[in-house]
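I have placed the structure first, in the form of structure tokens, so that the comments after it can refer back to it.
So that the names make sense, note that chain A is the first sequence line, chain B the second, and so on, each numbered from 1.
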Amino acid sequence: MVLPELPEVETVVRTLRNILLGQKIAGVNIFRPEVVKEPEAKSFSSLLAGREITALRRRGKFILLSLSGDQVLVIHLRMTGRLVISKKEEKHPPHTHVIINLDDGRELRFIDPRRFGRMWLLPAAELPVFPPLAGLGMEPLTEEFTVTRLQEMLQPRRAPVKAVLLNQSLLAGLGNIYADEALHRAGIHPARPACSLTAGEVESLHRAIGDVLKEGIAHRGTTFRDYVDGEGKKGGFQNFLRVYGRAGEPCLTCGTPVAKMKICGRTTSYCPACQPYPAN
DNA sequence: AGTAGGACCTGGTGGC
DNA sequence: TGCCACCAGGTCCTAC
């Protein structure tokens, strides 16, 4: 499985872009209507039919498919959602909730065991005020994400720095894995109040966030167990994780056993030696 | 306003 | 072996 954060969603978008650009939607089958948030399932299907896919992009952890006729299909994979291209004649795997039939005989299948994932279809003109997207914060891999902007984000908040990093309305795309990895690389204890970071630490954290995300993308994301992307390939970044999922194992930097704690309800892995909590 | 915690969900895991 | 409680976590919602 995969926990789709920015690098995983980016990988899915890049993979699907080659296949989907220029394709026409022949029809839609919805097996689990609750997956389609809006409009209601029947309108969703009829509005999609006949449209051409003209662009694919990512915003935070959202996938956006631009369609002819100025419509946009927005998809969020949440925890266990997957988008897979298959031939029509291939049997549907379990938990296939929506199928978008393409005019080349293939299908774009939305598969999601836990059924947290969602999709929306809306006019492109409404995108700027569409709440889930309009509320998103900075894109960490664009030039708007500067050390200064990170500093401005952290400085007024007493919440744990990790909680701030996970807040999508401030920074869009980090999830539990990459937040833990970035904090470890920056040598910052995840429970530190965001406002307590020194200028040097903010700079390290800024660099670490960029590095882990770029490396994640370079390795096609992080894969646990049997996840594959739209082309049936696995990600490889799980082999480079330094703390996430490694509680009790030695820190790869110093050998100290990786520790585990809960922060804002999330399991958090960190190295007590590399990421000390400074006494004050 | 900012923060905390529960709800949503199911597959995998570990304990007995 | 079989059963079951528990855990995983992104986002929304409610409560303080």
Side-chain angles (χ1 to χ4, degrees), chain A residues 1-13 31-38 58-64 74-83 92-98 110-120 130-137 139-140 152-183 190-196 212-213 216 221-228 235 237-238 241 243-249 258-270:
Chain A
M1 69 177 281
V2 70
L3 311 170
E5 304 183 23
L6 188 154
E8 290 73 30
V9 176
E10 181 67 28
T11 301
V12 170
V13 166
F31 304 107
R32 283 275 185 184
E34 70 267 30
V35 166
V36 177
K37 278 293 270 187
E38 66 176 58
R58 177 193 61 75
R59 172 77 175 103
K61 301 172 194 169
F62 288 84
I63 298 166
L64 285 76
V74 179
I75 302 172
H76 198 301
L77 302 174
R78 292 280 184 94
M79 294 284 298
T80 52
R82 289 159 51 193
L83 287 172
H92 304 162
H95 312 295
T96 303
H97 306 316
V98 177
F110 177 74
I111 303 161
D112 188 3
R114 223 171 290 185
R115 303 207 301 275
F116 283 1
R118 291 291 178 263
M119 30 182 95
W120 303 257
F130 176 59
L133 285 170
L136 287 180
E139 278 293 330
E152 289 167 358
M153 195 175 105
L154 299 171
Q155 189 269 326
R157 292 166 216 278
R158 276 178 307 182
V161 56
K162 169 157 175 185
V164 176
L165 294 183
L166 290 178
N167 185 337
Q168 301 297 299
S169 69
L170 299 172
L171 194 59
L174 280 184
N176 211 29
I177 298 173
Y178 292 91
D180 278 5
E181 292 298 311
L183 286 164
R192 295 259 309 276
C195 56
S196 74
V212 290
L213 292 176
T222 301
T223 296
F224 294 107
R225 293 192 274 278
D226 59 351
Y227 163 80
V228 291
F237 197 59
Q238 64 278 6
L241 298 176
V243 281
Y244 181 86
R246 298 192 60 249
E249 295 172 45
V258 171
K260 190 161 87 160
M261 70 186 295
K262 283 264 182 198
I263 295 178
C264 61
R266 298 283 165 266
T267 303
T268 299
S269 306
Y270 67 101

Distance, rounded to the nearest Å, where Ile75(A) contributes CD1 and dG10(C) contributes C1': 16 Å
Does Arg115(A) make a side-chain N or O approach to OP1 or OP2 of dT10(B) shorter than 4.0 Å? yes
Taking any heavy-atom pair under 4.0 Å as a contact, classify Arg266(A): base, sugar-phosphate, or nothing. base
Is the ring pair Phe130(A)/Trp120(A) parallel, tilted or perpendicular, if the boundaries are 30 and 60 degrees? perpendicular
Rounded to 10 degrees, the angle between the two terminal axes of the helix from dG2(B)-dC16(C) to dC16(B)-dG2(C), each from five pairs: 50°
Residue-phosphate contact under 4.0 Å: Gln168(A) side-chain N/O, dT11(C) OP1/OP2: yes
Contacts under 3.5 angstrom, residues 262-270 of chain A side chains, donor-acceptor by atom type, not counting sequence neighbours:
unit_1, atom_1, unit_2, atom_2, d
Thr268(A), OG1, Lys162(A), NZ, 2.9
Thr268(A), OG1, Arg266(A), O, 3.2

From the set dG2(B), dA8(C), dT11(C), return the single nucleotide nearest to any side-chain atom of Arg114(A). dA8(C)
Among all residues two or more places apart in sequence or in another chain, which pass the ring-ring contact (aromatic ring centres under 6.0 Å, His included) test with His95(A)? none
From the list Leu183(A), Leu213(A), Leu166(A), side chain to side chain contact (heavy atoms under 4.5 Å, CB included) partner of Tyr178(A) resolves to Leu213(A)
Hey, what's the ring geometry for Phe62(A) with His76(A), parallel, tilted or perpendicular (30° and 60° as the breaks)? perpendicular
Taking only the side-chain nitrogens and oxygens of His95(A), find out if one of them lies under 4.0 Å from OP1 or OP2 of dT10(B). no
To the nearest Å, give me how far apart CG (Asn167(A)) and C1' (dG10(C)) are. 12 Å
Which listed nucleotide (dC12(C), dT3(B), dA8(C)) is nearest to the side chain of Pro132(A)? dC12(C)
So which nucleotide from dA8(C), dG11(B), dC12(C) ends up closest to the side chain of Lys260(A)? dA8(C)
For Lys262(A), report the nucleic acid contact type (base, sugar-phosphate, nothing); a contact means any heavy atom under 4.0 Å. sugar-phosphate
Apply salt bridge (Lys or Arg N to Asp or Glu O under 4.0 Å) to residues Glu34(A) and Arg118(A) and explain how you reach the verdict. CA-CA 8 Å; Glu34(A) 70 267 30; Arg118(A) 291 291 178 263; over 6 Å; no
Look at Arg59(A) together with Glu139(A) and state whether they make a salt bridge at an N to O cut-off of under 4.0 Å. yes
Please state how far atom CZ in Arg78(A) lies from atom C1' in dC12(C), giving the value in whole angstrom units. 7 Å
Return the 5'-most residue of the pair Val164(A), Arg118(A) with respect to DNA chain B, ranking by each residue's nearest nucleotide. Val164(A)
Can you work out whether Arg32(A) or Ala159(A) has the more 5'-proximal nearest nucleotide on DNA chain B? Ala159(A)
